[in-house]
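All remarks here apply to the structure that follows.
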Amino acid sequence: MIERLLVANRGEIARRIFATCRAMGVQTVAVHSDADADAPFVAEADQAVRLPGNTPAETYLRVDLILDAARRTGADAVHPGYGFLAENAEFAAAVTDAGLTWVGPPAKVIAAMGDKLAAKALLAEAGVPMLPSWTDPDEITDFPVLVKASAGGGGRGMRIVRTADELAEAVASARREAAAAFGDGTVFIERYVERGRHVEVQIFGDTHGRVVALGDRECSIQRRHQKIVEEAPAVVPERVRTALHEAAVAAGRAVDYLGAGTVEFLLAPGGEFFFLEMNTRLQVEHPVTELCTGLDLVGLQLLVAEGEPLPADLPGSTGHAIEVRLCAEDAAAGWRPDTGTLHRFSVGAVVTEFGGLAGPGLRLDSGVVAGSVVGVHYDSMLAKLIAWGRTRAEATRLLAGALARAELHGVTTNRDLLVRVLRSPAFAAVEIDTGFLDRHPEVFDPLLPTDQVPLTALAAALAGAAHRRATAPVLSGLPSGWRNVPAVPQVTRLVQSDGHEIEVRYRLDRTGRLTDWGSTAPGSDAAGSADPPAVALVQAAADRVVLDVDGVRRGYRVHRVGSAVFVDGPDGAASLTELPRLPLPTTEVGAGSLLAPLPGAVTRVHVQVGQRVTAGDPLLTLEAMKLEHPVLAPIDGVVAELPVPTGGQVQAGAVLAVIDSSPASADLEPSNPEEDPR
């Protein structure tokens, strides 16, 4: 039996595995980078070993360091989680060669399925339906196609190509991203199915020759080919479900599968489906299967690794479960990841964490807590929120409501997008496929309507005044804004997360009653809309403001961290920064400067100084949080400065390029440099 388990991973999946270990009486060992030293998963382990460094290559991808950690702590088993080394056959072999129990399929199975080209050939012989694929780009004559990494998963190294002109750059970019993420830049190309759905089957195999299907999942709503909304079961006809399960089990039997695995399929609009890949590990979205079956899949992994047979009476699927991946990223800004300190992380109505939900309710699997620092070294996912309901509609409403009310302060997240998706009529009607987000741009709108921004800013201003009054060293009982000239309003200037400035003006009489207010925020009277609504102040405290708006009471929760003000209201949340009344002089950034949106490394420079560019032209590529982020010219002009060379590291706010858009630049002769002249 397994007595002490080392988890060769981090964050949410490490905490998830530790939760099952505690329930089973198994001791736990964490390994951690320097950046993760204070992370929750490290504190929750019985023992923890430092892996010196921060990047995955220095830490979580070091087989030698992980095996040394197992030796030093007396661990007798290793669980790889997902990502990093989870599907690395050499790691699996090294663990077993060291005399440790490997919680996963044998190395030979990982190797067979890890090479997606070889896997397609092997499983085609077992009768699993396949899409046509190519390894030589010159052989392709029909488009669209999909470039895919042969190793790894998670959407990295994937590119949709619709014309022949795009193919060479897509292949090169996919190779770079795959090499950075998996250490293997091999790619291949498949026919791309328009409006296809991503449906997968959870399989399990034991050492006694049994392979079973434990349900299916719908994972079609994706960004950058990475899933963000998953549900179980998939809404498909029963004949299709039966065929999917049979094909998945056939794939598992073809390789003598052992442990937890997922067989992924592309479902065409007519019901035909094709094999995509087999993931030889636990999936990120495994909680939806757990909630519908009542099984602990991590517990099953440990039992199978110990040589136990799968239970004879495995339960079927009941009800409906939906999971969303909450990520630190700005969906409206091209999925730009965000970093910083998570000042507050509160999701109300959560019944359980990491499992154990026995009825309708919410489960939270999180890698972070309030105070966690979100850095640039790892994936942007913060947590998964999962709802189970008796019906799909019940689970959807529960999940959307909890997300909308969550207090997520300190980093930009994709929460608003997720709520919009869940509440969209297309999602309710199951009109979903892998192109859902492309066809529904309305889901990128923030939850907070533009016409409610002035009220939110007013609440922030009133809470700020209450905070200053409560913390004043003298005369704290004096009414806010008391002055000899009552006609002069109080003024608070704030900046929204998108950079727009808001000026709030209001007057309070000597009893504290709000007598007048106005705002230059978008949607306010100063912005050209109707007169502001009649507002009466019901309550103003540092952390809560209640306003009566045209006879309707509206409560706002306010959280202040320095000059940052986070407001959660009935219509949505806002992240604001209060500007000082007497700002200190600062260094101005030159006109035309492009600033790094987050820390990262410049991997490619596509232009040179003196080159003429037009708006939208690629200038350079920034790599951060394991993804490539193109930096595009915002205006027409001439490249005046390129201060960061290829390979250069930058911090957020650093100048990456300067574009001269002055009339004089139009007279310069265009240059025609080779790509990436540096």
Side-chain angles (χ1 to χ4, degrees), residues 35 53-58 169 172-173 175-177 179-181 328-330 332-341 373-378 380 411-412 495 497-500 577 583-678:
N54 288 314
T55 67
E58 296 172 320
E169 172 56 26
S173 177
R175 283 174 175 158
R176 289 193 304 272
E177 192 168 278
E329 62 187 18
D330 189 344
W335 310 109
R336 185 181 68 207
D338 197 20
T339 60
T341 300
V373 176
V374 181
V376 300
H377 301 294
Y378 313 114
S380 64
V411 297
T412 303
V495 175
S497 57
D498 61 6
H500 287 102
T577 301
L584 296 173
T586 58
T587 302
E588 292 188 2
V589 176
S593 296
L594 279 78
L595 306 183
L598 73 167
V602 174
T603 57
R604 303 183 77 200
V605 178
H606 304 284
V607 295
Q608 68 178 20
V609 172
Q611 181 176 342
R612 184 180 300 162
V613 295
T614 59
D617 284 350
L619 302 180
L620 50 88
T621 300
L622 187 68
E623 184 179 297
M625 284 184 163
K626 300 165 69 175
L627 293 173
E628 289 189 341
H629 307 278
V631 177
L632 309 179
I635 54 176
D636 296 350
V638 171
V639 179
E641 296 180 33
L642 289 169
V644 185
T646 299
Q649 297 284 331
V650 296
Q651 295 299 315
V655 177
L656 298 174
V658 178
I659 305 299
D660 180 4
S661 61
S662 64
S665 69
D667 298 329
L668 298 176
E669 289 297 324
S671 58
N672 186 27
E674 294 183 1
E675 187 180 38
D676 199 2
R678 294 174 177 244

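Below, each value reflects all heavy atoms present in this structure, side chains not excepted, and no hydrogens, waters or symmetry copies. Position 1 is the first residue of the sequence; numbering continues from there.
Scanning both residues, Ser661 and Asp636, for their nearest heavy atoms gives CB-O, 3.4 Å. Of all heavy-atom pairs spanning Ala615 and Pro634, the tightest one is CB-O, 3.7 Å. Nearest heavy atoms, Val644 versus Val655: CG2-O, 3.8 Å. Here the closest heavy-atom approach between residue Val602 and residue Leu656 is recorded as CG2-CD2, 4.3 Å. Summarising the geometry of Ala633 relative to Val613, their closest heavy-atom pair is CB-CG2, 4.0 Å, with the distance given to 0.1 Å.
Between Val650 and Leu622 the shortest side-chain heavy-atom distance falls below 4.5 Å.
Among residues two or more places apart in sequence or in another chain, the side chain to side chain donor-acceptor pair (under 3.5 Å) test is passed with Arg175 by none. Evaluation of the side chain to side chain donor-acceptor pair (under 3.5 Å) rule for Glu58 yields Thr55 as partners, not counting sequence neighbours. Residues satisfying the side-chain contact (heavy atoms from CB on, under 4.5 Å) criterion with Ala332, sequence neighbours excluded, are Asp330. Evaluation of the side chain to side chain donor-acceptor pair (under 3.5 Å) rule for Thr412 yields Asp338 as partners, not counting sequence neighbours. Residues passing the side-chain contact (heavy atoms from CB on, under 4.5 Å) test with Ala640 are Val658, Asp660, sequence neighbours excluded. In this view, Thr577 and Ser563 satisfy the side-chain contact (heavy atoms from CB on, under 4.5 Å) rule, not counting sequence neighbours. Residues satisfying the side-chain contact (heavy atoms from CB on, under 4.5 Å) criterion with Asp498, sequence neighbours excluded, are Gln496, His500.
Interatomic distance, NE2 of His606 versus CG of Leu642, reported as 11.0 Å (0.5 Å rounding). Separation of atoms CG (Leu632) and OG1 (Thr614) is listed at 10.5 Å; rounding is to 0.5 Å. The line from CG of Leu619 to CD1 of Ile659 is 5.0 Å long, rounded to the nearest 0.5 Å.
Contact check on Glu169 versus Arg176 returns a salt bridge, with a Lys/Arg side-chain nitrogen under 4.0 Å from an Asp/Glu carboxylate oxygen.
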